[in-house]
Amino acid sequence: MARVLRIGGAQLGPIQKADSRQAVVARMLALLDQAKEAGCDLVVYPELALTTFFPRWYAEDIAEMDDYFEREMPNDAVKPLFDRAKDYGMGFCLGYAELVEEGGETHRFNTCILVDRDGKIAGKYRKVHLPGHADYDTSLRWQHLEKRYFEPGDLGFPVWRSMDANLGMCICNDRRWPETYRVMGLQEVEVVMLGYNTPVENQHTPDEAPALRMFHNQMSMQAGAYQNGTWVVGVAKCGVEDGHDLMAGSVIVSPDGEIVAEAKTREDELIVADCDLDKCTLNKTTIFNFAAHRRPEHYRMIIERTGSEPPAAE
Ligand code: CDV
């Protein structure tokens, strides 16, 4: 019998600084209702879905940003989403800023969770590839301070068996790194879920065309899908947020690397696809049969070296 998960990508339009969590969750619930109408099993929301993309703002004392973080999950603001998804028997993936106190220390992560059909948190992922910079940089067109407000994720790239599927997560900039998908591919991932907040323009230069940036966005996810024989669901928070334009272009990509559903707007919008998990099998057992074809003895540099180095001079 075919194993098909009907997945909804719940793209969110902009969230302004002044918008409350309750207002955002109301929009997320409206998308959840649409997903229920569409018969979805699982819904994917964007990165940092509950607030504006606050790492664009500088604070001397990072604790000034703590209002943007969630200290427990679900909390009162988010519980209605957990409750309604459970009523509907739907799972979901949600990105948020996480603050944890451990051993008397405060840790902050850019996090997403997988909530199963029973409303239980089945998996947690913390963003590994944090883009941007830690200090205010006057040479940039605007700030992107993820390295200031978050620690790199400490949970790796796990894959969970949930909803009769092998499900993995990553967040935004992670989607551009082949290592992200390959580590999950080695755990036979069948669906990679991710959200993103990506500026339409490059903070380093006005010369990179928005169309080229969209190409990079989609190419990264299509390559990850194809090279690992997995579905990829990439969901944007988009539109003009506190004066900053974020790209849309949410997609669902098949294990062949083809886009099978794509957002048409730059607002709240649900995209839907039937993701036949058995479609992962062909790639995983032929061209990307890892057991048959990988040669890890030649890949050592990938884990031993972080930055690139030129070959030795003759
Ligand atoms: N939120 C992100 O991780 N954004 C990055 C931008 C800064 C390039 C991205 O890779 O889309």
Side-chain angles (χ1 to χ4, degrees), residues 9-15 17 24 44-58 62 65 68-69 93-98 108-112 125-137 139-153 155 157 169-181 192-225 232-251 253 262-263 266:
Q11 175 174 288
L12 285 173
I15 299 174
K17 256 184 172 175
V24 175
V44 181
Y45 292 104
E47 173 190 37
L48 301 177
L50 300 169
T51 67
T52 196
F53 189 77
F54 65 89
R56 67 171 70 93
W57 307 114
Y58 178 80
I62 65 171
M65 290 294 184
Y68 289 107
F69 286 75
C93 168
L94 169 70
Y96 63 97
E98 178 193 16
R108 298 171 181 84
F109 298 101
N110 187 340
T111 295
C112 60
Y125 168 75
R126 290 171 172 158
K127 186 174 183 177
V128 166
H129 299 102
L130 295 174
H133 42 103
D135 296 315
Y136 196 91
D137 186 338
S139 73
L140 296 170
R141 300 169 70 226
W142 59 82
Q143 305 300 301
H144 189 107
L145 291 154
E146 285 195 61
K147 281 185 171 15
R148 184 174 190 80
Y149 298 123
F150 303 119
E151 293 174 39
L155 302 175
F157 294 99
M169 298 184 281
C170 65
I171 300 178
C172 195
N173 190 261
D174 288 321
R175 75 195 186 286
R176 303 182 191 272
W177 297 87
E179 294 88 346
T180 297
Y181 303 94
V192 174
M193 299 170 285
L194 69 97
Y196 58 90
N197 285 258
T198 300
V200 167
E201 289 186 23
N202 188 323
Q203 74 173 154
H204 300 279
T205 169
D207 296 338
E208 191 175 77
L212 180 62
R213 288 174 66 76
M214 182 60 82
F215 171 70
H216 293 155
N217 167 45
Q218 297 188 336
M219 174 186 63
S220 302
M221 293 188 277
Q222 291 179 261
V232 174
V233 182
V235 179
K237 175 143 69 62
C238 56
V240 180
E241 200 176 76
D242 289 318
H244 293 258
D245 202 359
L246 297 173
M247 70 165 65
S250 302
V251 285
V253 183
E262 184 171 3
R266 289 157 47 79

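Only this structure's heavy atoms are used, side chains among them; waters, hydrogens and symmetry mates stay out. Note that ligands are numbered from 1 as they come in the structure, with each ligand's atoms numbered from 1 the same way.
I15 and A49 make their closest contact through CD1-O, 3.1 Å (heavy atoms, listed as atom of the first residue, atom of the second, distance). When every heavy atom of T180 is checked against every heavy atom of C170, the shortest pair comes out as CG2-CB, 3.6 Å.
Ligand 1 is surrounded by E47, F53, K127, P131, H144, E146, C172, N173, R175, R176, N197, T198, each with at least one heavy atom closer than 4.0 Å.
Using modelled atom types and a 3.5 Å distance limit, the side chains of R141 and N202 yield no donor-acceptor pair.
Considering only heavy atoms from C-beta on, E241 comes within 4.5 Å of R56 through its side chain.
Atom CH2 of W177 has 12 or fewer heavy atoms from other residues, nucleotides or ligands within 6.0 Å.
By the 30° and 60° cut-offs, the orientation of the rings of Y68 relative to F54 is parallel.
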